[in-house]
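Note that this is a predicted model, so its numbers are computed, not measured.
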Amino acid sequence: MITEMHADDFSLIYARLVTRFPKKPWLKRTQSLKYEIKAKPISSQLLVAENRIAYGLTWFDAGVGEKEIESWEAVKAAMAFAIQVNSLCDAEAQSGSSSLAGRVAGAFNNPADLRAMVIELHAAIGLHRKGLSVQWPEATSKSVDTFDILASGGGHDAFEVECKSFSSDKGLRIPQKEAMGFLAELMTSLSPTLSRGAMVGVSIIVPKRLPTATAELKELRNKVCAAIHNNASGVDGLFSLERIAVEPFAPGEIKDQAHLADLFSKHVQNQAGVMDSMRLIATTPKLACVLLTVASEEGHRTLNAWDDSAKHAIRKQMSGKRPGCLVIRLEGMSSNMMVAVSKVRPNLLSVFAEELMTNDRHKHVACIAFISDSDWVETGEAPQVGQSCTYVFNNPGGSYPNLGLGSYFME
């Protein structure tokens, strides 16, 4: 799907959004996060990423401009979201309904709910642009349906749409939030022990998962910190340590700790590239540079997790009484990456879709659509264009063969 935006229109887009949400729930959300960030400053990056749309709207409200590149990227994502909300709320008003605004306002309080809302809006706006009517069963009085969207029109009988957003860490034994929380606490304990200008790169491997009990997690943190300080290899049965070789780093003139952190982060990105494990790149007040990663000895179960979520959506959330479309957003997959995947057959996504559609319990599935993240591109006419890629599989069999509903999810 393509979302065109002119930066000159952002003020109007935002004003229309505020008209619908005069209490600005995004401001309330980001204000509440200040206390958490103050208590754990090193967790700020993760919290901002989890609440990107809320921060994008908040920063625009505060007057952030295009020169503040990282903040402006969040602003663009937030404006794309606002355009979709405004358009669908307008469509609802014309049909005499007004349920969407309440759902959107509530979603700002929970990052998981807002992530789900983003893919629902993405699917709904695409259907709306193709001339279909969109209803939200969840917001319909006395409705017993649990799928996300009921679409009708276009010469087709009504069909159901269930949306899922698969995070990039789905199926990992140590999810991103757990990993970053542990590494942030470890960094807090480790920082005072490091000498000025030190460079530390350590990978922490645990047998299965990180402990969930506070006391056990604290014990693990203290033992890891001691092992790093003593140059030990770990503790049998609890964790092992491996040194990460980081190329020599000569940053030149350093303005402050934040400047060093930015330079060291870019240095690690260039040297280490993509890692399978979760990592924290940080610096200390004494200008020491630290790279920490944490991983499980057990392999990831990404495909199993995908399969579990997809089957639950098809069997438990779709009614089975109408054609059903499963729309899956693959977080972390760029549009270019999805195009590259689609050019090779069979591929992971084609095999996954085929296995779902040929399952005897999934005869009502009419299509499966995978949607990438949006990539922002510059064009002469529309300076800000958010473009995602959709990879669609229409079911040639089942109870509703060859309906071609997948075309409604493609630009």
Peer 1: Flag the pair C367 / L403 as yes when at least one side-chain heavy-atom distance between them is below 4.5 Å, and no otherwise.
Peer 2: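 The answer is no, as the side chains (C-beta and beyond) never meet within the 4.5 Å cut-off.
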
Peer 1: Decide yes or no on side chain to side chain contact (heavy atoms under 4.5 Å, CB included) for Y14 and L57, but give the supporting numbers first.
Peer 2: CA-CA 8 Å; Y14 185 70; L57 294 172; 4.1 Å; yes

Peer 1: If you define the side chain from C-beta out and look only at heavy atoms, does anything of Y400 sit under 4.5 Å from F159?
Peer 2: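 Not touching, per the 4.5 Å side-chain cut-off.
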
Peer 1: Before you tell me yes or no, could you show the steps for I314 and E162 under side chain to side chain contact (heavy atoms under 4.5 Å, CB included), namely the whole-Å CA-CA distance, both residues' side-chain angles and the distance that decides it to 0.1 Å?
Peer 2: CA-CA 8 Å; I314 293 169; E162 178 60 26; over 6 Å; no

Peer 1: Rounded to the nearest 0.5 Å, what separates atom CD in E120 from atom OG in S165?
Peer 2: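 Between atom CD of E120 and atom OG of S165 there are 10.5 Å.
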
Peer 1: For the atom pair NE2 (H364) and CE (M318), what is the distance rounded to the nearest 0.5 Å?
Peer 2: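 Output value for this atom pair is 5.5 Å.
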
Peer 1: Between Q84 and L121, what is the shortest heavy-atom contact and its length?
Peer 2: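 Scanning both residues, the minimum pair turns out to be OE1-CB, 3.7 Å.
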
Peer 1: First locate atom CG of D148, then atom CE of M117, and finally report the distance between them rounded to the nearest 0.5 Å.
Peer 2: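 D148 CG to M117 CE: 9.0 Å, rounded to 0.5 Å.
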
Peer 1: Apply side chain to side chain contact (heavy atoms under 4.5 Å, CB included) to the pair L210 and E216, showing each step before the final yes or no.
Peer 2: CA-CA 9 Å; L210 291 171; E216 292 179 10; over 6 Å; no

Peer 1: If you take all heavy atoms of F147 and P137, which pair is closest and at what distance?
Peer 2: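 Reported closest heavy-atom pair: CE1-CG, 3.3 Å.
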
Peer 1: Quick one: side-chain hydrogen bond (donor to acceptor under 3.5 Å, both in side chains) partners of S167, sequence neighbours excluded?
Peer 2: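 Per chain and number, S167 pairs via side-chain hydrogen bond (donor to acceptor under 3.5 Å, both in side chains) with D169.
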
Peer 1: Looking at every heavy atom in both M357 and V365, which two are closest together, and how far apart are they?
Peer 2: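 So the two residues come closest at CG-CG1, 4.2 Å.
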
Peer 1: Do the non-hydrogen side-chain atoms of E73 and R52 ever get within less than 4.5 Å of each other?
Peer 2: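 E73 vs R52: side chains touch.
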
Peer 1: For E298, give me all partners under side chain to side chain contact (heavy atoms under 4.5 Å, CB included), at least two apart in sequence or on another chain.
Peer 2: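 E298: side chain to side chain contact (heavy atoms under 4.5 Å, CB included) contacts with R173, K208, S296.
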
Peer 1: Check whether any side-chain N or O of K316 sits under 3.5 Å from a backbone N or O of T146 as a donor-acceptor pair, and report yes or no.
Peer 2: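 A pair under 3.5 Å: no.
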
Peer 1: Distance from T30 atom OG1 to I53 atom CD1, nearest 0.5 Å?
Peer 2: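 That separation rounds to 13.5 Å.
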
Peer 1: Can you confirm whether R243 is buried at CZ, in the sense that more than 12 heavy atoms of other residues, nucleotides or ligands lie under 6.0 Å from that atom?
Peer 2: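 Enclosed: over 12 neighbouring heavy atoms sit under 6.0 Å from CZ of R243.
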
Peer 1: Rounded to the nearest 0.5 Å, what's the gap from CG on L88 to CD on E92? Could you check?
Peer 2: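 These two atoms lie 7.5 Å from each other.
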
Peer 1: What I'd like to find out is whether the side chain of R129 reaches to under 4.5 Å of the side chain of I125, using heavy atoms alone.
Peer 2: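 With C-beta onward as the side chain, the pair touches.
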
Peer 1: Just how far is it from atom NZ of K170 to atom CG of L330, taken to the nearest 0.5 Å?
Peer 2: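 Reported value, rounded in 0.5 Å steps: 11.0 Å.
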
Peer 1: Would you say R29 and S32 make side-chain contact, with heavy atoms under 4.5 Å?
Peer 2: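 A side-chain contact under 4.5 Å exists here.
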
Peer 1: Relative to each other, are the rings of F21 and W26 parallel, tilted or perpendicular (30° and 60° limits)?
Peer 2: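 F21 vs W26 ring planes: perpendicular.
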
Peer 1: How far apart are the closest heavy atoms of I13 and N86, and which atoms are they?
Peer 2: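 That would be O-ND2, 3.3 Å.
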
Peer 1: Do R315 and N359 have side-chain heavy atoms sitting under 4.5 Å apart?
Peer 2: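 Yes, their side chains come closer than 4.5 Å.
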
Peer 1: Looking only at side chains, do K28 and Q31 share a donor and an acceptor under 3.5 Å apart?
Peer 2: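 There is no such pair between these side chains.
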
Peer 1: Which is it for F182 and I174 under the side chain to side chain contact (heavy atoms under 4.5 Å, CB included) test, yes or no, and what are the steps along the way?
Peer 2: CA-CA 10 Å; F182 171 72; I174 305 177; over 6 Å; no

Peer 1: Tell me if the CD atom of Q317 is crowded by more than 12 foreign heavy atoms within 6.0 Å.
Peer 2: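 Yes, enclosed.
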
Peer 1: Under the 3.5 angstrom rule, does the side chain of N347 hit a backbone N or O of S350 as a donor-acceptor pair?
Peer 2: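 Checked: pair present.
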
Peer 1: Please check this pair: side chain of S191 against backbone of T188, looking for a donor-acceptor N/O pair closer than 3.5 Å.
Peer 2: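 Answer holds: no.
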
Peer 1: Quick one: list whatever passes side chain to side chain contact (heavy atoms under 4.5 Å, CB included) with A158, sequence neighbours left out.
Peer 2: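 Side chain to side chain contact (heavy atoms under 4.5 Å, CB included) list for A158, sorted by chain: L150, S152, R322.
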
Peer 1: For I371 and S388, which heavy atoms make the closest approach, and how far apart are they?
Peer 2: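 Taking every non-hydrogen atom into account, CG2-OG, 4.0 Å.
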
Peer 1: Output yes when a side-chain donor or acceptor of D373 lies under 3.5 Å from a complementary backbone atom of G332, and no otherwise.
Peer 2: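 Answer holds: yes.
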
Peer 1: Would you indicate whether the side-chain heavy atoms of C225 and L186 approach each other to under 4.5 Å?
Peer 2: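 They are in contact (side-chain heavy atoms under 4.5 Å apart), so the answer is yes.
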
Peer 1: S335 and S372: side-chain donor and acceptor closer than 3.5 Å?
Peer 2: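 Checked: S335/S372 side chains show no N/O donor-acceptor pair below 3.5 Å.
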
Peer 1: Looking at every non-hydrogen atom in both residues, tell me the closest pair between A82 and L17 and how far apart they are.
Peer 2: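 That closest heavy-atom pairing would be CB-CD2, 3.9 Å.
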
Peer 1: Is H156 atom NE2 crowded by more than 12 heavy atoms from other residues, nucleotides or ligands, each under 6.0 Å away?
Peer 2: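 More than 12 within 6.0 Å, yes.
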
Peer 1: Does a side-chain heavy-atom distance below 4.5 Å link F370 with C389?
Peer 2: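 When only atoms from C-beta onward are counted, C389 and F370 do not touch, as no gap falls below 4.5 Å.
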
